[in-house]
Visitor: 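Dropping the structure in here first, questions after.
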Protein chains: 4
Amino acid sequence: MVPAGEATEETIRALADRLAPDDAIIDGGNTHYKDDVRRARELASRGLAYVDAGTSGGIWGLANGYCLMVGGDKAVVERLAPLFASLAPPEGWMHVGPCGSGHYVKMVHNGIEYAMMQGYAEGFELMSASEFELDLPRIAALWNRGSVVRSWLLELTADALAANPKLEGLKPYVEDSGEGRWTVLDAVEKAVPAPTITAALFGRFRSRRDNSFADRLLAALRNAFGGHAVRR
Amino acid sequence: MVPAGEATEETIRALADRLAPDDAIIDGGNTHYKDDVRRARELASRGLAYVDAGTSGGIWGLANGYCLMVGGDKAVVERLAPLFASLAPPEGWMHVGPCGSGHYVKMVHNGIEYAMMQGYAEGFELMSASEFELDLPRIAALWNRGSVVRSWLLELTADALAANPKLEGLKPYVEDSGEGRWTVLDAVEKAVPAPTITAALFGRFRSRRDNSFADRLLAALRNAFGGHAVRR
Amino acid sequence: MVPAGEATEETIRALADRLAPDDAIIDGGNTHYKDDVRRARELASRGLAYVDAGTSGGIWGLANGYCLMVGGDKAVVERLAPLFASLAPPEGWMHVGPCGSGHYVKMVHNGIEYAMMQGYAEGFELMSASEFELDLPRIAALWNRGSVVRSWLLELTADALAANPKLEGLKPYVEDSGEGRWTVLDAVEKAVPAPTITAALFGRFRSRRDNSFADRLLAALRNAFGGHAVRR
Amino acid sequence: MVPAGEATEETIRALADRLAPDDAIIDGGNTHYKDDVRRARELASRGLAYVDAGTSGGIWGLANGYCLMVGGDKAVVERLAPLFASLAPPEGWMHVGPCGSGHYVKMVHNGIEYAMMQGYAEGFELMSASEFELDLPRIAALWNRGSVVRSWLLELTADALAANPKLEGLKPYVEDSGEGRWTVLDAVEKAVPAPTITAALFGRFRSRRDNSFADRLLAALRNAFGGHAVRR
């Protein structure tokens with residue numbers, strides 16, 4: 001299992017040269033599903049099988065087992081089933097469809113993850129700005145006890161806040177690793193509205209723009225029509 | 001414990017007339033937190049205590065216990081602790097702060113709930129539009145086995161999809177019950193961005209507008225400048 | 001004509017004490033329309049008329065005339081017509097309805113203004129990030145020559161960019177003056193989706209949060225589940 | 001000048017076979033700017049020039065002149081200048097940069113157009129839902145007399161509302177023609193937030209989903225956790 005991008009492409013090309021017919025390559029990284037479809041076709045012409053395994057669970061998967069969304073030819077996936085079963089928690093892997101579908105389902109999974117994280121982040125920021133002096137670490141822990149918003153991400157939130165209640169020393173700088181973008185592109189391609197996933201993605205983009213041209217233009221415009229002061 | 005709004009106001013007034021000093025009224029509904037603050041002050045002038053208990057867990061709370069976020073005077077809440085402990089799951093209730101804070105925390109909880117639900121809904125709609133024929137009920141169940149997006153809401157999603165995989169017979173009509181709106185108003189008041197919570201609320205509004213004036217105006221405008229056809 | 005808020009309230013109270021029956025007070029500031037309705041009722045009980053005049057045109061109105069949206073009693077507004085006609089450009093004022101409606105229409109006007117400004121700002125930021133080295137001041141000017149997006153705000157944009165093509169020395173800090181917030185609150189109250197107006201408002205809020213708690217929580221969470229590095 | 005897509009590709013291939021060195025092809029349609037770059041390279045290898053001319057002004061351009069954003073080799077564009085000058089209003093065309101830049105600038109122009117249109121649409125929908133009975137056609141006309149939001153799109157809005165004040169007989173169904181999508185994809189690629197442009201695009205998508213799976217899932221979920229009624 002390998003990371004995404006050109007490194008993956010090269011590894012697969014190198015692997016393919018060393019494999020024999022009926023061998024299978026499993027990409028357990030975060031490849032775009034259309035690249036899976038292309039690769040599977042190329043490898044099939046050489047008698048090789050290709051399987052895309054979307055993998056979720058983060059660094060905790062090593063202990064808990066990884067949730068695996070597997071795309072590929074049915075017979076090949078069945079042959080590899082023991083491997084997936086050994087990596088996943090009980091009932092924690094599934095053959096979701098043909099080549100590409102594993103990474104497709106994982107991509108959507110990550111889009112949802114963006115929206116959930118952003119929803120929690122907005123809620124905790126609101127509470128941090130409240131007139132009540134709220135104990136955010138304890139509230140995060142409380143909500144995991146029977147509330148409607150309980151989740152694994154909320155457990156991590158509770159842990160992170162317990163360790164650093166005011167999140168001191170952290171920069172408000174949020175990376176994105178690609179699947180969120182792909183989900184938005186897929187939504188645009190399919191003409192399906194995805195406002196929360198996209199808002200979450202744009203929030204991350206915004207966190208990384210220290211000197212937003214858009215915001216400086218807005219400040220300049222307010223000054224231009226209203227004489228409102230600008231900050232320099 | 002009573003529902004929100006004028007019915008609650010009347011019930012509390014009627015109750016107050018029958019209570020004696022040091023008695024306490026608990027509002028376990030979804031009152032706006034500023035109404036709690038006002039009520040607590042009014043009742044205090046008559047020697048009565050008021051406690052606001054935000055309650056989460058839905059209809060499942062009866063079996064699982066309700067997650068309770070309690071606002072009110074410390075001594076009063078401590079006196080009532082056995083009551084809260086009997087309703088909540090273990091460690092499932094908390095005195096979050098002074099009067100109003102219980103419902104405030106519950107309000108933000110519900111705002112987060114809106115964003116999470118909308119995030120899942122967008123993801124499953126995307127998958128329902130996919131070129132892969134995806135088994136959405138099984139994918140929802142799978143994701144609860146170790147994935148990053150596992151949650152109680154996702155368990156309910158899995159159940160709902162298992163019972164009705166294509167959600168046939170349902171209308172795409174989504175109500176809102178007030179706390180989502182209050183969360184957005186609070187964000188505006190505090191100048192805190194809440195894009196996903198608001199997108200989720202607006203999505204619900206949109207689901208209820210059968211003949212959107214905005215969309216008709218957009219269609220008319222496209223026709224006006226571009227000669228694009230409109231549907232009648 | 002006076003600014004909004006408590007200063008306006010006091011001025012109106014002081015004025016009312018000095019006026020005689022049938023005198024009229026015109027509020028040409030940015031009062032919330034519900035305050036207009038309340039004030040008009042209070043003043044009516046003393047025989048005084050109240051007129052709310054939403055005023056647009058910014059600091060340029062002094063030369064060009066102000067666009068005036070007037071709310072109030074029909075007979076009173078007709079009596080004051082020469083005054084409005086002298087302040088507005090030709091056909092540039094209108095009696096839009098009863099008390100409160102003038103400021104209501106102006107409030108929505110400002111909400112639209114937020115969305116338009118943000119739309120331009122996003123477009124120019126995109127172009128500023130382009131691989132083509134685009135001459136933004138000249139493009140802004142060009143678009144005012146026959147394009148679909150030509151507008152007065154775009155003329156101001158062209159002027160602002162001509163004066164400072166890279167907007168150097170400006171801080172990306174954008175104030176808001178209240179009507180945008182009121183428009184969002186009104187949309188929430190009426191259950192009408194207003195995604196672009198709200199996105200514009202939240203963008204301004206975001207521009208003023210130097211150390212967003214939400215974004216720090218997101219960074220902490222990414223670290224918690226994925227081991228992704230955080231910036232300190 | 002030709003429409004976008006495969007028809008354009010074929011026309012250009014057919015044209016190229018009939019042209020002689022130093023001839024130039026102008027694409028005045030809505031081609032994606034990356035296709036321009038590719039085509040220009042291909043044609044250059046045969047000694048042919050390629051110019052991309054983004055064209056704005058809609059069906060009104062025939063009378064008013066089209067605003068033209070021209071991308072291509074400097075010498076070629078200068079040679080063609082008289083042609084552009086004859087199509088554009090005074091100072092209404094510009095050589096914005098190398099091949100692709102003309103359509104790039106036009107693409108961003110259209111993204112802005114989406115946001116502006118949506119901003120107006122939200123504002124007028126709000127006013128249509130107001131407790132005041134507002135005369136929307138007259139308000140649209142009024143705002144063109146000196147207000148901050150005056151624009152050509154608002155003039156069209158005023159005309160459209162004057163012709164059909166309640167927009168009766170129109171379906172709330174809004175097409176999109178591609179440039180809005182490309183603008184969002186470009187924003188995602190460049191990691192630039194574009195919340196209003198994207199909200200406008202998603203609003204159009206939503207207007208065309210009669211039986212939104214997302215909204216049915218939300219209704220099912222509300223029923224699942226809260227026992228809230230669903231509509232069938």
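Every chain is numbered from 1, with letters handed out A, B, ... down the list of sequences.
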Visitor: Given side chain to side chain contact (heavy atoms under 4.5 Å, CB included), test B:Ile139 with A:Met69 step by step and report yes or no.
Guide: CA-CA 8 Å; B:Ile139 288 169; A:Met69 302 141 244; over 6 Å; no
Visitor: If you tally heavy-atom pairs under 4.5 Å against chain A, which of B:Glu125, B:Glu133, B:Met127 wins?
Guide: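 It is B:Met127.
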Visitor: Tell me, side chain or backbone of A:Asn64 under 4.5 Å from chain B's heavy atoms, or both, or neither?
Guide: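 Side chain of A:Asn64 only, per the 4.5 Å heavy-atom cut-off to chain B.
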Visitor: Considering only heavy atoms and a distance below 4.5 Å, find which of A:Gly100, A:Gly111, A:Ala88 pairs most often with chain B.
Guide: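 Result: the option with the highest number of such pairs is A:Gly100.
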Visitor: For A:Trp93, which atoms come within 4.5 Å of any heavy atom of chain B: side chain, backbone, both, or neither?
Guide: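 Looking at A:Trp93, just its backbone touches chain B.
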Visitor: Which of the residues A:Ala121, A:Ala115, A:Gly203, A:Pro89 is involved in the greatest number of heavy-atom pairs with chain B at under 4.5 angstrom?
Guide: A:Pro89
Visitor: Does some side-chain heavy atom of A:Ser101 sit less than 4.5 Å from a side-chain heavy atom of B:Leu134?
Guide: yes
Visitor: Quick check on the interface: out of A:Asn110, A:Val105, A:Leu156, who has the most heavy-atom pairs with chain B under 4.5 Å?
Guide: A:Val105
Visitor: Taking A:Gly97, A:Ser130, A:Pro193 one by one, which has the highest count of heavy-atom pairs under 4.5 Å against chain B?
Guide: A:Ser130
Visitor: Given heavy-atom pairs under 4.5 angstrom as the criterion, report whether the side chain, backbone, both or neither of B:Tyr104 touches chain A.
Guide: side chain
Visitor: Heavy-atom distances under 4.5 Å only: say whether A:Ser128 touches chain B with side chain, backbone, both or neither.
Guide: neither
Visitor: For the candidates B:Val149, B:Val192, B:Val108, which exhibits the highest count of non-hydrogen atom pairs separated by less than 4.5 Å from chain A?
Guide: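 Of the candidates given, the most pairs with chain A belong to B:Val149.
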Visitor: Within the 4.5 Å heavy-atom criterion, are A:Gln118 and B:Pro195 side-chain neighbours or not?
Guide: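 The answer is yes, as the side chains (C-beta and beyond) meet within the 4.5 Å cut-off.
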Visitor: Find out whether B:Phe132 and A:Val96 are in side-chain contact, i.e. whether some heavy atom of one side chain is under 4.5 Å from a heavy atom of the other.
Guide: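 Answer no - side chains too far apart.
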Visitor: As an exercise: rank A:Thr183, A:Asp186, A:Asn144 by heavy-atom pairs under 4.5 Å with chain B and give me the winner.
Guide: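 Winner by heavy-atom pair count: A:Asp186.
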Visitor: Hey, what do you get for CD1 (A:Ile197) to OG1 (B:Thr196), rounding to the nearest 0.5 Å?
Guide: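 The CD1 atom of A:Ile197 sits 11.0 Å away from the OG1 atom of B:Thr196.
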Visitor: Is any side-chain heavy atom of B:Glu122 less than 4.5 Å from a side-chain heavy atom of A:Ile112?
Guide: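 Not in contact.
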Visitor: Between chain B and each of A:Gly65, A:Ala194, A:Pro98, count heavy-atom pairs under 4.5 Å; write down the option with the most.
Guide: A:Ala194
Visitor: Taking the side chain as everything from C-beta on, heavy atoms only, tell me whether A:Glu131 gets closer than 4.5 Å to B:Lys190.
Guide: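 The answer is yes; the side chains approach within 4.5 Å.
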Visitor: Which pair of non-hydrogen atoms, one from B:Val148 and one from A:Gly57, has the smallest distance, and what is that distance?
Guide: CG2-N, 3.7 Å
Visitor: Any chance you could lay out the side chain to side chain contact (heavy atoms under 4.5 Å, CB included) test for B:Cys67 and A:Leu142, step after step, and finish with the verdict?
Guide: CA-CA 7 Å; B:Cys67 180; A:Leu142 173 74; 3.8 Å; yes
Visitor: I need the single residue from B:Lys106, B:Met94, B:His109 that forms a side-chain contact (heavy atoms from CB on, under 4.5 Å) with A:Trp143. Which is it?
Guide: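 Exactly one option meets the side-chain contact (heavy atoms from CB on, under 4.5 Å) with A:Trp143, and it is B:His109.
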Visitor: If you count heavy-atom pairs under 4.5 Å between each of B:Ser147, B:Pro90, B:Gly58, B:Ala141 and chain A, which one has the most?
Guide: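 The answer is B:Ser147.
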Visitor: Measuring from A:Met117:CE to B:Met116:CE, what's the distance to the nearest 0.5 Å?
Guide: 12.5 Å
Visitor: With a 4.5 angstrom heavy-atom cut-off, is it the side chain or the backbone of A:Tyr33 that approaches chain B, or both, or neither?
Guide: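 Side chain only.
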